[in-house]
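If you read the sequence from its start, that first residue is 1, and numbering goes on from there. Note that the coordinates shown come from a computational prediction; the quantities given were computed from them, not determined experimentally.
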Amino acid sequence: RTGEFIQSMLAHQSQSAHNMLPTWSMHHNENFCMIGYHSVSAITDAYIKGIRNYDSKKLLEAMKYGANLDHFGLKSYKKYGYIRAGDEAESVSKTLEYAYDDWCLAQFANDLGKSDDYEYFMQRSENWRNLYDASSTFFRPKYADGTFLVDFVPKEYSAYYCESNAWHYFWNVPQNIEGLIDTVGGAEAFEQKLDSM
């Protein structure tokens with residue numbers, strides 16, 4: 001059934017006015033009510049598990065198309081390595097979600113032997129680092145000039161995070177847990193942060 005779901009995603013892409021894999025479909029149409037391009041994570045998960053009753057090459061092109069659009073902060077994300085505060089709502093959340101999706105896309109491309117795509121999306125998957133603020137130890141909104149948002153309150157629900165806050169989104173680097181642990185100062189500091197939450 002998972003393979004059939006993925007075939008449906010491809011059908012959605014080919015019949016959608018946006019020519020994209022689904023982000024958040026409703027009534028047979030895309031309504032874009034959520035962030036990221038997470039069809040990629042579901043497809044990659046199935047592919048790595050050996051579920052492959054679909055056109056993998058066509059899927060790779062569809063995934064790359066969605067990842068390289070210029071909407072919902074992707075233009076800023078591709079150009080600067082993060083979505084700049086003020087360019088797009090939920091800039092921190094979207095940066096982190098895109099980085100995870102990029103990692104998933106890289107794994108899919110790598111298994112298909114597409115080394116250029118693998119390298120490109122692996123590089124993008126590390127964009128989470130561009131919003132990490134060592135002084136607060138959180139992913140923090142950053143302006144175009146490279147400065148972080150002042151008067152930052154990590155537990156505040158704000159326009160920079162999607163339905164959450166900086167505490168929740170701190171942990172959203174599933175593609176590189178080891179890198180996140182190192183970035184925050186090692187295992188002990190990471191454990192202390194987890195206990196604090």
Side-chain angles (χ1 to χ4, degrees), residues 20-26 30-42 44-45 66-67 69-107 121-197:
M20 292 171 48
L21 291 166
T23 300
W24 192 270
S25 290
M26 187 175 194
E30 185 58 65
N31 71 3
F32 299 109
C33 85
M34 292 310 295
I35 64 174
Y37 60 100
H38 296 314
S39 291
V40 170
S41 62
T44 300
D45 180 65
L69 292 171
D70 286 338
H71 66 177
F72 303 126
L74 272 169
K75 186 174 185 178
S76 176
Y77 175 83
K78 291 182 296 180
K79 184 172 183 180
Y80 303 104
Y82 66 98
I83 299 173
R84 304 180 308 178
D87 282 1
E88 178 79 15
E90 302 169 336
S91 59
V92 176
S93 296
K94 287 177 181 173
T95 295
L96 296 174
E97 300 284 357
Y98 288 148
Y100 169 65
D101 290 332
D102 288 341
W103 182 86
C104 293
L105 205 165
Q107 306 317 301
F121 286 104
M122 279 301 289
Q123 182 179 356
R124 278 180 34 169
S125 78
E126 290 292 292
N127 282 345
W128 59 272
R129 296 178 184 276
N130 298 328
L131 288 183
Y132 182 75
D133 169 38
S135 68
S136 66
T137 69
F138 285 100
F139 295 109
R140 187 169 177 172
K142 186 189 279 188
Y143 294 111
D145 64 3
T147 61
F148 288 106
L149 174 77
V150 294
D151 300 324
F152 174 67
V153 181
K155 64 182 178 180
E156 181 178 273
Y157 281 66
S158 70
Y160 305 104
Y161 302 90
C162 179
E163 300 176 1
S164 60
N165 60 30
W167 270 107
H168 299 137
Y169 262 97
F170 173 79
W171 315 100
N172 199 47
V173 187
Q175 73 274 25
N176 193 351
I177 297 294
E178 295 83 3
L180 181 60
I181 291 170
D182 290 343
T183 298
V184 81
E188 186 176 341
F190 190 83
E191 184 179 346
Q192 287 174 356
K193 193 165 186 73
L194 183 59
D195 286 345
S196 295
M197 182 172 175

Tell me whether Glu156 at atom CD has more than 12 heavy atoms from other residues, nucleotides or ligands lying less than 6.0 Å away. yes
Plane angle bin for Tyr157 and His168 - parallel if under 30°, tilted between 30 and 60°, otherwise perpendicular: perpendicular
Which atom of Leu74 lies closest to which atom of Gly66, heavy atoms considered: CD1-O, 3.5 Å
Do other residues, nucleotides or ligands put more than 12 heavy atoms under 6.0 Å from the CG atom of Asp145? yes
Hey, mind stepping through Asn176 and Glu178 against side-chain contact (heavy atoms from CB on, under 4.5 Å) and telling me if it holds? CA-CA 5 Å; Asn176 193 351; Glu178 295 83 3; 4.1 Å; yes
Nearest non-hydrogen partners of Leu69 and Lys78, listed with the distance: O-NZ, 3.1 Å
Using modelled atom types and a 3.5 Å cut-off, is there a donor and acceptor pairing between side-chain atoms of Gln107 and backbone atoms of Trp103? yes
Within the side chain of Gln175, is there an N or O that forms a donor-acceptor pair under 3.5 Å with the backbone of Ser125? yes
So CG of Asp70 and NZ of Lys79: to nearest 0.5 Å the spacing works out to 10.5 Å
Taking the side chain as C-beta and beyond, is there a heavy-atom pair between Arg84 and Ser91 under 4.5 Å? no
Could you measure the distance from the OH atom of Tyr77 to the CG atom of Asp87? Nearest 0.5 Å is fine. 15.0 Å
If only atom types and distance count, is the side chain of Tyr132 paired as donor or acceptor with the main-chain N or O of Phe170 below 3.5 Å? no
Quick check for you: to the nearest 0.5 Å, what is the distance between Asn165 atom CG and Ser93 atom OG? 9.0 Å
Rounded to the nearest 0.5 Å, what's the gap from CZ on Arg129 to CZ on Phe139? Could you check? 9.0 Å
Considering non-hydrogen atoms only, spot the tightest contact between Asn172 and Pro174 and give its length. C-CD, 3.3 Å
Could you grab the distance from atom CZ of Phe121 to atom CG of Asp102, nearest 0.5 Å is fine? 6.0 Å
Measure the shortest side-chain to side-chain distance between Phe72 and Ile35 over non-hydrogen atoms and say whether it is less than 4.5 angstrom. no
Please check: side-chain N/O of Lys155 versus main-chain N/O of Trp167, any donor-acceptor pairing under 3.5 Å? no
Minimum-distance pair of heavy atoms, taken over all atoms of Thr95 and Ile83: OG1-N, 2.9 Å
Please give me the minimum heavy-atom distance between Met34 and Thr23, naming the atom from each residue. O-CG2, 3.6 Å
Between Asp101 (side chain only) and Gly36 (backbone N and O only), is there a donor and an acceptor less than 3.5 Å apart? no
May I ask you to decide if the ring planes of His38 and Tyr100 are parallel, tilted or perpendicular, using 30° and 60° as cut-offs? tilted
For the pair Thr44 (side chain) and Cys104 (backbone), establish whether a donor and an acceptor sit closer than 3.5 Å, ignoring hydrogens and angles. yes
Exam field: side chain Lys142 to backbone Asn130, donor-acceptor pair closer than 3.5 Å: yes
Identify the two heavy atoms, one from Arg140 and one from Val150, that lie closest to each other, and give their separation to 0.1 Å. NH2-CA, 4.0 Å
Evaluation steps, side-chain contact (heavy atoms from CB on, under 4.5 Å), between Glu90 and Tyr160: CA-CA 4 Å; Glu90 302 169 336; Tyr160 305 104; over 6 Å; no
When rounded to the nearest 0.5 angstrom, what is the spacing between SG in Cys162 and OH in Tyr169? 5.0 Å
Specify whether Phe32 and His71 have parallel, tilted or perpendicular ring planes, treating 30° as the upper limit for parallel and 60° as the lower limit for perpendicular. perpendicular
Look at the rings of Tyr37 and Tyr98 and say which category their plane angle falls in: under 30° parallel, 30 to 60° tilted, over 60° perpendicular. tilted
Phe138 six-ring centre to Lys193 NZ/CZ under 6.0 Å and within 45° of normal: yes
Just by modelled atom types, is the Tyr82 backbone N or O under 3.5 Å from a matching donor or acceptor in the Ser76 side chain? yes
